[in-house]
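Dropping a structure here in C-alpha cells format, bear with me for questions.
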Amino acid sequence: MTEILSTGPAVGLRTHWCGELRASDIGATVSLCGWVENRREHGEQLAFIDLRDRTGITQCVVAKAHDLRSEYVLRITGTVQARFEGATNDKLDTGEIELQDCTVEVLSTSEPAPFPIHERTEVDETIRLRHRYLDLRRARLQKNLQVRTIVNAAIRRTFIDNGFVEVETPMLIASTPEGARDFVVPSRLHPGSFYALPQSPQLYKQLCMVGGVDRYFQIARCLRDEDLRADRQFEFTQLDMECSFVGQEEVLDFVTQSVRAAVSDITGEDIGDVPRMTWEEAMERYGSDKPDTRFGMELVELTEVFADTEANVFKAPCVKGIRLEGGAELTRKQIDGLVDRAKLWGAKGLAWMRVVAGERQAPALEGGVAKFLSETESAATITALDAAPGDMVFLVADERPVARHVLGLLRVDLGKPPMDEGSLEFLWVTDFPMFDDELGPDGRPQAMHHPFTMPNAEDLEAGLIESDPTKVRSVAYDLVCNGWELGSGSVRIHRSDVQQRVFDALGIAQEEAQEKFGFLLDAFRFGPPPHAGFAYGIDRLVALLAGETNIREVIAFPKTQKGADPLTDAPSELEPRVLEELGLRVLPRLD
RNA sequence: GGUCCCGUGGUGCAGUUUGGAGUGCACGCCGGCCUGUCAAGCCGGAGGUCGCGGGUUCAAAUCCCGUCGGGACCGCCA
C-alpha cells in the first residue's frame with residue numbers, strides 16, 4: 001500500500017505513518033496508529049504485530065499479542081530499531097526496521113472481518129459493497145481514491161490557470177423532456193410538482209456564458225435514470241466546461257491540456273497531441289463512434305465487389321467485412337453463436353468464410369457462403385481484406401448503418417484487448433451528424449447531441465437543414481479513449497435565426513420551444529456571446545488511469561447494476577406520513 | 001424489453017457434464033504449543049437452508065420449470 005499522495009504531517013495520536021519509517025529513523029521513539037493487519041505469536045515472550053494504515057505496514061515486536069486480533073485499532077508507541085541480520089523484509093518499504101519496547105493501547109476492537117482485507121483473493125462484489133467501509137481499507141480502493149484526488153487536482157489546476165471560474169450549479173432543477181430519463185424529487189411546498197436532478201449542468205453553463213462568466217468550469221455531479229453498466233452509474237462526475245468567444249479548436253485545446261495534465265500526474269507520460277477522426281471515418285473504419293484504436297481488425301468496404309452479384313445474400317446497399325486472424329479454427333458452434341449474436345444486434349445474417357490455401361498456396365475461401373461467390377468476387381474479397389490462409393472473414397450485407405453497427409460490435413467482441421492492457425489511446429471524433437439517421441416517430445429528424453448544437457457552417461450555407469437534414473454535420477465532438485466515450489461537447493448556437501432553422505427541422509413549434517427551454521431562449525435575447533463547451537466523465541478517466549475496467553472501483557460508494565446499494569439498502573419505501581406530506585400516493589404494483 | 005455467465009461453511013474454489021450420505025482443498029475463525037516471524041509453523045476444534053420455491057426420481061448441490069440476487073452485453077444513455 002504505497003501512498004501516491006503526500007501524506008501530510010503525522011499529528012494527533014501518531015508521530016509517524018505506518019509506511020514511513022526507515023533505517024534513518026533508528027533510535028527514535030515514535031507512536032503509530034492503525035489496524036492490526038496480522039499477528040504472529042511465538043510463545044509467551046515474543047509476538048509480531050503488523051500495524052497498517054493507508055500508507056503501509058510497520059512490524060511491531062511485543063511480548064504478548066494474544067488479545068490483539070485482526071483489525072483491532074491500536075496505538076503503538078516504541079523505539080525504531082534495525083531488524084536482525086536476515087530478519088529484514090524487502091517486501092515492505094519499512095522492512096529494514098521494526099518497533100521495539102512497545103506500549104500498546106487498544107483504541108477499539110473488531111469482530112473478525114467478513115472478508116480478508118489483504119488482497120490475495122478476489123471477493124464477491126456484493127459482499128464488498130455491503131461492507132464497503134472494510135473494502136475501502138484495502139490498498140486497491142485507497143489507491144484509486146488517491147488517483148481520483150490527483151486527477152481532480154490536475155483538472156482544477158489546468159482550468160484555473162487558463163482563467164476559468166468554478167461555478168456550482170443547482171441540483172434541484174426543472175425537468176426538461178429531452179435526453180435521458182430524469183431522477184425526480186417531489187416538492188413539499190408545491191405538492192404535485194417535482195424537481196429534476198441534473199443530467200448535466202448544460203443549460204446553466206450556457207446561462208453563465210450569457211452572464212459574462214466567459215470561462216466556466218465545474219467538477220459536477222450528474223444523474224441519469226438509465227440502465228447501469230461497467231462504465232455507467234446513476235450518479236457520475238463530469239468535468240464540465242464552457243467558454244465564450246472561442247470555437248472547437250480552443251475547446252479541444254483546453255480539454256486536451258487538462259487530460260494531458262491528469263495523465264502526466266498519474267503515469268508520468270505525455271499523451272502529446274490527440275489524433276482526430278471524423279465521425280464518418282470512425283463509423284466506416286470501426287463501426288463505432290467511440291472506436292478502440294488499440295487494435296486493427298478494421299471494417300473493409302466491399303460494396304463495389306458485390307455491386308453486380310448473383311448471390312442474394314449480398315444484394316444490399318452496403319457490404320462490409322472484417323478479418324479474424326487465425327479465425328479458421330473457430331468451431332461450427334462458435335460460429336453459430338456469432339451469427340446468433342449478429343442477428344440480436346440487428347443484422348439479417350452474418351456471412352462467414354474460412355480462408356484456406358488453394359491452388360499454388362494462394363488464399364481461397366471455403367465454407368459458409370463461399371459457394372455463392374463468383375471467382376472474381378472471391379478474389380476481390382480476399383484482396384480487400386488482405387486475408388491469408390488460416391483466417392476467417394465475416395461479411396454483413398445490409399443498410400449501411402446496420403452493416404457498420406453489427407461489424408463494429410463483432411470487431412470488439414472478437415478482438416478487443418482487456419481495458420487495462422496497453423497504453424491509453426486518446427482520440428477526438430469530430431463532425432458528428434446534427435440529427436439521428438433515423439427519423440423519429442413523427443417523421444421528423446431527431447437531435448443527436450442537443451438542439452443548441454451549431455450546425456456545420458458549409459452545410460448551413462448549402463441549406464441542407466431544409467433539403468436533407470440527416471446529411472447535416474454539426475460542430476460536435478467526442479473524446480474517446482480505448483473504446484470508451486470519455487465525453488462530448490459542441491459549439492452552441494447563439495443566433496436566433498440559426499436556432500429557428502434547427503427548431504423548424506426538429507418540428508419544435510415556437511410555443512413548444514418556449515415551454516421546454518423558454519428561460520434559455522429568453523436569456524439569449526440579451527446578447528449571448530458565441531460559445532462552445534465540453535464535458536467528460538471523471539469516473540471513466542480515473543478508471544482508465546487506475547487500470548480498472550469498471551468505474552465502480554473508482555467510486556467510494558457505488559450502486560449495483562440494478563441501482564441498489566447493498567450497504568444502505570437504498571432504494572427504500574417511504575413512511576405513509578412522508579408520502580402524505582409530499583402529496584404522493586403509491587399505486588399497487590402491476591404484475 | 002432482450003441475450004449470456006455466476007450463486008456450495010466467514011472468504012476463495014472444486015464437486016454439477018454422467019443423480020447415489022454435505023464429500024474435498026486453501027484461507028479465515030476458536031483453543032493449545034512455540035523466543036525472530038513476516039501469506040510464520042505444528043496439534044486439535046467449531047462452522048452448511050448447496051440463493052429461494054416447485055417438479056421429475058427409490059434418491060437432487062447435480063436434471064427440468066419458475067423466482068430472487070450479482071455480473072457482462074444489446075436496447076436505452078439529447
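Order of the sequence lines sets the chain letters (A, B, ...), proteins ahead of strands, with each chain counted from 1.
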Using the test side-chain hydrogen bond (donor to acceptor under 3.5 Å, both in side chains), find all partners of Arg224(A) that sit at least two apart in sequence or belong to another chain. none
For Asp231(A), the option from Arg552(A), Arg540(A), Lys290(A) that meets salt bridge (charged side-chain N to carboxylate O under 4.0 Å, His left out): Arg540(A)
Indicate, with a heavy-atom threshold strictly under 4.0 Å, whether Gln45(A) touches base, sugar-phosphate, or nothing. base
Inter-nucleotide P distance (A59(B), G22(B)), Å rounded: 13 Å
Would you kindly compare Val61(A) and His405(A) by the position of their nearest RNA chain B nucleotide and give the one closer to the 5′ end? Val61(A)
Mate of A61(B) across any strand shown (Watson-Crick or G-U wobble, both atom pairs under 3.5 Å) is none
Are Glu71(A) and Arg69(A) ion-paired here, with the side-chain N under 4.0 Å from a carboxylate O? no
Partner set under side-chain hydrogen bond (donor to acceptor under 3.5 Å, both in side chains) for Trp428(A), not counting sequence neighbours: Thr256(A)
For Phe48(A), what residues pass the ring pair (Phe, Tyr, Trp, His ring centres under 6.0 Å) criterion, not counting sequence neighbours? His42(A)
Charged N to carboxylate O under 4.0 angstrom, Arg332(A) versus Asp336(A)? yes
Can you tell me how far C1' in A61(B) sits from the matching atom in G24(B), rounded to whole Å? 14 Å
P atom, A14(B) versus C58(B): distance in rounded Å? 32 Å
Whom does A26(B) pair with, Watson-Crick or G-U wobble, provided both distances fall under 3.5 Å? U11(B)
Which whole-number value in Å describes the distance from Asp413(A) CG to U3(B) P? 17 Å
Between atom CZ in Phe115(A) and atom P in U11(B), what is the gap in whole Å? 10 Å
Please list, chain by chain and in numerical order, all residues satisfying ring pair (Phe, Tyr, Trp, His ring centres under 6.0 Å) with Phe234(A), sequence neighbours excluded. Phe183(A)
At 4.0 Å (heavy atoms only), tell me whether Thr88(A) reaches a base, stays on the sugar-phosphate, or touches nothing. base
Whole-Å C1' distance, A26(B) and G70(B): 24 Å
Between G75(B) (P) and Arg341(A) (CZ): distance, integer Å: 14 Å
Between G10(B) atom C1' and Leu134(A) atom CG, what is the distance in whole Å? 12 Å
With P as the reference atom in both, quote the distance from C50(B) to U3(B) in angstrom, rounded to an integer. 29 Å
Show the distances under 3.5 angstrom between N or O atoms of the protein and N or O atoms of nucleotides 26-33 of chain B.
unit_1: C30(B); atom_1: OP1; unit_2: Arg69(A); atom_2: NH1; d: 2.6
unit_1: C30(B); atom_1: OP2; unit_2: Arg69(A); atom_2: NH1; d: 2.9
unit_1: G31(B); atom_1: OP2; unit_2: Arg69(A); atom_2: NH1; d: 3.4
unit_1: G31(B); atom_1: OP2; unit_2: Arg69(A); atom_2: NH2; d: 3.0
unit_1: G32(B); atom_1: OP2; unit_2: His66(A); atom_2: NE2; d: 3.4

Any side-chain donor near an acceptor of the partner, Asp539(A) and Gln233(A), under 3.5 Å: no
Check whether any side-chain nitrogen or oxygen of His131(A) sits under 4.0 Å from OP1 or OP2 of G10(B), and answer yes or no. no
If you measure from the P atom in G41(B) to the same atom in C27(B), how many Å do you get, rounded? 7 Å
Options G12(B), C38(B), C77(B), nucleotide nearest the side-chain atoms of Asp50(A): C38(B)
Got a list of protein N/O to nucleotides 42-45 of chain B N/O distances below 3.5 Å?
none

Pairs of donor and acceptor atoms involving the side chains of residues 339-347 of chain A, under 3.5 Å and at least two apart or interchain, shall be tabulated with distances.
unit_1: Arg341(A); atom_1: NH1; unit_2: Asp413(A); atom_2: OD1; d: 3.1
unit_1: Arg341(A); atom_1: NH1; unit_2: Asp413(A); atom_2: OD2; d: 2.6

Return the 5'-most residue of the pair Ser200(A), Ala87(A) with respect to RNA chain B, ranking by each residue's nearest nucleotide. Ala87(A)
Given that both distances must come in under 3.5 Å, which nucleotide forms a Watson-Crick or G-U wobble pair with G75(B)? none
Write out all pairs satisfying side chain to side chain donor-acceptor pair (under 3.5 Å) with one or both partners inside residues 555-565 of chain A, taking only residues at least two apart or from two chains. Glu235(A)-Lys559(A), Asp565(A)-Thr568(A)
Sequence-distant partners of Phe236(A), ring pair (Phe, Tyr, Trp, His ring centres under 6.0 Å), two or more places apart: none
Between A46(B) and G54(B), how far apart are the two C1' atoms, rounded to whole Å? 34 Å
Starting from P on C76(B), measure out to CZ on Phe234(A) and report it in whole angstrom. 18 Å
Residue pairs passing the salt bridge (charged side-chain N to carboxylate O under 4.0 Å, His left out) test with at least one member in residues 487-496 of chain A, sequence neighbours excluded, are Glu242(A)-Arg492(A), Arg495(A)-Asp497(A)
Just compare G36(B), U11(B), G75(B) and give me whichever is closest to any side-chain atom of Ile127(A). U11(B)
Encode nucleotides 68-73 of chain B as B, S and - characters from 5' to 3', where the letter depends on protein heavy atoms closer than 4.0 Å: B to the base, S only to sugar-phosphate, - to neither. -SSBBB
Between His131(A) and Tyr133(A), what is the ring plane arrangement, given parallel below 30°, perpendicular above 60°, and tilted in between? perpendicular
Give the rounded distance in Å between these two atoms: CD of Glu119(A) and C1' of A39(B). 14 Å
Have a look at Gln233(A) and say if it touches a base, only the backbone sugar-phosphate, or nothing, with a 4.0 Å heavy-atom cut-off. nothing
From CD of Glu122(A) over to C1' of C5(B), roughly how many Å is that when rounded to an integer? 16 Å
In terms of side-chain heavy atoms of Arg232(A), which of C77(B), U11(B), C38(B) is nearest? C77(B)
With rounding to the closest Å, how many angstrom separate the C1' atoms on C25(B) and G32(B)? 24 Å
Length of the line joining Leu46(A):CG and C38(B):C1', which is rounded to integer Å: 12 Å
In the strands shown, is U67(B) matched to any nucleotide by a Watson-Crick or G-U wobble pair with both distances under 3.5 Å, and which? G51(B)
Sequence-distant partners of Tyr477(A), ring pair (Phe, Tyr, Trp, His ring centres under 6.0 Å), two or more places apart: Phe534(A)
Options G1(B), U37(B), A39(B), nucleotide nearest the side-chain atoms of Lys91(A): A39(B)
